[in-house]
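Treat the numbers as computed from the prediction; the structure is a model and nothing was measured.
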Amino acid sequence: MTTDELVQDLPPSAKLVLKVLEYNGGLTQKQIVENSRLSQRTVRDALDRLQDADVVEKDIYIPDARQNLYRLSLDEDEDGEAEAEADGEAAAEALLD
């Protein structure tokens, strides 16, 4: 099932948050609020809905562990870019070791 099919029934605010994440990559909730110009409550609700649809995943935001980093789920990328990105991250970690 494609991302479009997963979010088809979601409200416009969730679709906007998805587009903001597609365009900007991983962001904190505060950054999503700033980029989308939606209210904090609306963004929080949209993120919950997107996570329930397995389109967005939540990680720890390294610069400030009190915040979360939201990004598109890796398995949703249809052209293999996410796999290449994951391979690149693994290579970068290997260099650091």
Side-chain angles (χ1 to χ4, degrees):
M1 187 175 279
T2 66
T3 302
D4 290 339
E5 293 170 343
L6 291 171
V7 300
Q8 181 177 0
D9 296 329
L10 294 180
S13 58
K15 293 174 185 174
L16 176 60
V17 168
L18 179 65
K19 289 298 178 187
V20 167
L21 289 172
E22 284 177 359
Y23 185 75
N24 295 296
L27 296 171
T28 64
Q29 184 174 330
K30 182 178 179 181
Q31 292 168 328
I32 296 169
V33 168
E34 292 169 358
N35 283 299
S36 68
R37 298 185 183 253
L38 296 171
S39 72
Q40 186 172 359
R41 182 177 181 181
T42 301
V43 169
R44 184 173 55 244
D45 179 60
L47 288 169
D48 288 342
R49 290 172 185 257
L50 290 167
Q51 288 177 76
D52 290 343
D54 292 326
V55 178
V56 169
E57 58 187 25
K58 175 172 64 171
D59 290 321
I60 296 173
Y61 182 57
I62 300 300
D64 184 355
R66 297 172 294 175
Q67 297 184 51
N68 293 309
L69 183 70
Y70 296 92
R71 60 182 179 172
L72 300 179
S73 297
L74 294 177
D75 59 346
E76 294 301 324
D77 195 356
E78 296 172 4
D79 30 294
E81 291 178 16
E83 293 171 8
E85 182 180 317
D87 291 342
E89 289 174 1
E93 288 178 9
L95 290 173
L96 294 175
D97 289 340

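Annotation: side chain of Val56 is not in contact with side chain of Arg71 (no heavy-atom distance under 4.5 Å). Using a 4.5 Å heavy-atom cutoff, the side chains of Tyr61 and Asn68 are not in contact. In this structure, the side chains of Ile60 and Leu69 stay at 4.5 Å or more apart for every pair of heavy atoms.
Considering every non-hydrogen atom in both Tyr70 and Gln51, the closest pair reads CE2-NE2, 3.6 Å. When every heavy atom of Gln29 is checked against every heavy atom of Leu47, the shortest pair comes out as CG-CD1, 4.2 Å. The shortest heavy-atom contact between Ser36 and Leu16 is O-CD2, 3.9 Å.
If you take OG1 on Thr42 and CD1 on Ile32, they are separated by 12.5 Å, rounding to the nearest 0.5 Å. To the nearest 0.5 Å, atoms CG (Leu50) and OG (Ser13) are separated by 8.5 Å.
Note on Arg49 versus Asp45: salt bridge recorded, some NZ/NE/NH1/NH2 to OD/OE distance being below 4.0 Å.
Here the rule is side-chain contact (heavy atoms from CB on, under 4.5 Å) with Val20, and of Val33, Leu38, Asn35, Val43 only Asn35 fits it.
The main-chain N or O of Asp64 is never found under 3.5 Å from a side-chain atom of Gln67 such that the two would form a donor-acceptor pair.
Within a 6.0 Å radius of CD in Gln40, no more than 12 heavy atoms belonging to other residues, nucleotides or ligands are found.
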